[in-house]
Amino acid sequence: MTKMITRFAPSPTGNLHIGSARTALINYICKSKYNDSKLYLRIEDTDKDRSKEEFKNNILSGLKWLGINWDNEPQIQSHNINRHLEIANKLLVNGNAFKCVCSEEELNERRKKINSGDITSKKICISCAKNTEVQSLEKNYVIRIKIPIDNKEILEDVVQGTVEVNKSEIDDYVLVRRDGTPTYMLSVVVDDHDLGVNFIIRGDDHLNNYFRQKFIYEYMNWEIPTYAHIPLIHGEDGSKLSKRHGAVNLIDLKKQGYLPEAIINNLILLGWSPKKGDDEIIQLNNIISMFNINDLSKSASIFSYKKLDFFNNYYLRQEKNLELFINYSKSNINLQKYLDKDEEKLIRIFNIYKKDISKYEEIVNIAEIYFNSNFEVLKNEIFEQEFNKCFNNFLELINNIKDWEYDVINSEIKDFLKKNNLKFPIIGKPVRFLLTNNYNGPSITDIFMILGKVESIKRINKYKV
RNA sequence: GACCCCUUCGUCUAUCGGUUAGGACACCUGGUUUUCAUCCAGGAAAGAGGAGUUCGAUUCUCCUAGGGGUCGCCA
């Protein structure tokens, strides 16, 4: 295919989900491989009750944040209702659709029989199409599509391969509701056709919809696009990724301090991998050249936050991404305060601790220790005699350091240890505790550098032998 | 329940009939280190089960089991 016209068509009934983001990502990657290709964005808001402007904005900004750009202005599906109805009318006139007045009870009754296996055909309305009275009604009806029952339909899916379904399995679904509004099933086909979409990449929860939607294309004599139904992402328990699996909305990951690069790297490795020997750390421009949708696995994969953490740690450690940390700090209430107070200090903390964290959010608690001007040691630790003996001398040593530089402090401490014939932990551990309330952490020289001379001495000085 | 899809280390995956079944994350061990970490080196860890096709099956076919998806006047 030389010109790939794709689309991402979310419904604005919730924030941008990791799974949807992956679908958008794969669409973006595929279209980016070919010149003159397009990725359109369409907001499918035909469910008026659940659609919200707020969600639409969240989706747009989430995609932008990830670096997934679309062509043209986002299309709003509800703006095309008249066009959708025009097609419904054509189908009706051509005898490819019919008016139906079945009551909810009748439908439920029939559905029960279908589900229990008493009836083999999925067609839910059997009488209205033949009823001329119903067909001449002016209002108060739904429009259903006509689907034959003979033989079977075959889909050659780019990802799923050949899929066969008997026509008897395909239902006479609703195109236009009783209130005169078009359903998703109608709108999606009309809009895709009008946009010239020729390659549809969507979640495989839509696989069955192909067999329903293809009839509109056929009846209208429209060219049927190529389909790629990609497997869904699952949570740790193997079911469709959802809220109970943790943060599944992009906005939540952003708030926690995950990087777009890490999320993209993580997502693309679900169901796909680079060729043998190639690095799994891989960025968008390389993914675009290496990725091929034909290689995508058919089976669903489980989303792992641990692996995301690995990638995020990798990317946030990179010098070039320091700016992202600063931007993040501006958007985080706690870090914002520290940034205003002493940007240099916050950056120093970040640079020393970045190897230990998997997301920016973790810096909040760390920074709190260093920015707390009323710092108190948590408990009255009793240190070893050896430490107590040399404590005052050590304090004096630190007091006498004039050039508060890493190398200077470092060599002063080393000399001190040598002179007093001490092993590092004797001094280091208690001092680290006095400075940070923690026996583990960065080298005490690093801690001294973060705190500065005055605050460092203030903290150590509180200890009385 | 019906229909469709899936099934290689705990997780993500490689393998396009012949491999000591490879890698990554996580985990464990050792080394370096100013503690914890980082870093480096090593380790444990997999073809759901059963038939067939074949000289030979993880790979092809079928059955079973397990998992997932769909079954709305939602999208």
Side-chain angles (χ1 to χ4, degrees), chain A residues 9-14 44-47 49-51 77 100 102 104 107-108 111 114-117 119-120 122 124 141-144 155 157 159-161 163-166 168-171 173-185 187-188 202-212 229 231-232 234 236-240 266 268-281 297-311 313 317 353-356 410 413-414 417 423-433 438-446:
Chain A
S11 61
T13 52
E44 309 226 306
D45 58 343
T46 47
D47 183 344
D49 295 338
R50 294 196 304 144
S51 295
Q77 187 156 63
C100 166
C102 291
E104 213 166 306
L107 294 177
N108 286 339
R111 205 165 275 134
I114 291 172
N115 287 340
S116 67
I119 300 173
T120 45
K122 284 264 207 158
I124 200 145
Y141 55 80
V142 303
I143 299 178
R144 289 183 183 278
L155 164 65
D157 190 275
V159 172
Q160 302 291 328
V163 185
E164 289 186 15
V165 166
N166 283 324
S168 61
E169 289 293 329
I170 307 167
D171 67 334
Y173 60 91
V174 173
L175 297 167
V176 178
R177 303 184 186 100
R178 187 173 284 257
D179 67 2
T181 59
T183 61
Y184 157 82
M185 215 59 78
S187 300
V188 82
R202 48 155 50 160
D204 68 6
D205 50 341
H206 281 290
L207 187 62
N208 295 32
N209 285 156
Y210 162 78
F211 295 96
R212 316 214 269 176
H229 287 97
L232 263 20
H234 287 185
E236 303 281 350
D237 63 351
S239 69
K240 211 161 129 180
N266 189 239
I268 203 60
L269 255 26
L270 299 176
W272 177 82
S273 65
K275 290 278 170 285
K276 203 168 186 167
D278 286 337
D279 208 331
E280 283 197 355
I281 299 277
S297 163
K298 277 200 227 187
S299 58
S301 38
I302 294 172
F303 186 84
S304 162
Y305 289 94
K306 280 197 175 149
K307 193 138 188 183
L308 210 214
D309 283 351
F310 162 75
F311 284 117
N313 173 264
R317 288 166 76 154
Y353 278 91
K354 64 184 178 185
K355 66 176 173 34
D356 298 316
N410 220 18
I413 294 174
K414 273 193 180 142
L417 292 170
K423 288 216 160 107
F424 174 81
I426 297 296
I427 292 285
K429 287 227 157 192
V431 168
R432 185 180 294 109
F433 192 87
N438 203 133
Y439 285 111
N440 298 326
S443 77
I444 59 170
T445 309
D446 275 327

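First the proteins, then the strands, lettered A, B, ... as listed; each starts at 1.
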### Message
At under 4.0 Å between heavy atoms, how does the protein contact nucleotides 59-69 of chain B? Give one character per nucleotide, 5' to 3', with B, S or -.
### Response
---------SB
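- Counting heavy atoms from C-beta on, the side chains of A:Tyr173 and A:Asn209 never come closer than 4.5 Å.
- Remark: the A:Thr445 side chain and the B:rU34 base include a donor-acceptor N/O pair separated by less than 3.5 Å.
- Evaluation of the side chain to side chain contact (heavy atoms under 4.5 Å, CB included) rule for A:Ile302 yields A:His234, A:Glu236 as partners, not counting sequence neighbours.
- Of the listed nucleotides (B:rC73, B:rC4, B:rC71), B:rC71 has the atom at the smallest distance from the side chain of A:Lys122.
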List, with names and distances, any nitrogen or oxygen atoms from the protein found under 3.5 Å away from nitrogen or oxygen atoms belonging to nucleotides 36-39 of chain B.
residue	atom	partner	partner atom	Å
B:rC36	O4'	A:Asn440	OD1	3.1
B:rC36	N3	A:Gly441	O	3.2
B:rA37	O2'	A:Asp356	OD1	2.5
B:rA37	N3	A:Lys355	NZ	2.9
B:rU38	O2'	A:Arg317	NH2	3.1

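- The side chain of A:Glu280 approaches B:rA24 more closely than any other nucleotide in the set B:rA24, B:rC71, B:rG72.
- Under the ring-ring contact (aromatic ring centres under 6.0 Å, His included) criterion, A:Phe311 pairs with no residue, sequence neighbours left out.
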### Query
Going through the checks in order, is the side chain to side chain donor-acceptor pair (under 3.5 Å) test met by A:Asp179 and A:Thr181?
CA-CA 6 Å; A:Asp179 67 2; A:Thr181 59; 2.6 Å; yes
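- Mapping A:Trp272 and A:Val174 onto RNA chain B by nearest heavy atom places A:Trp272 at the nucleotide closer to the 5' end.
- A donor-acceptor contact under 3.5 Å is formed by the side chain of A:Lys307 with the base of B:rA24.
- With sequence neighbours left out, the ring-ring contact (aromatic ring centres under 6.0 Å, His included) criterion links A:Phe310 to no other residue.
- Judged as a salt bridge (Lys or Arg N to Asp or Glu O under 4.0 Å), and not counting sequence neighbours, A:Glu169 has no contacts.
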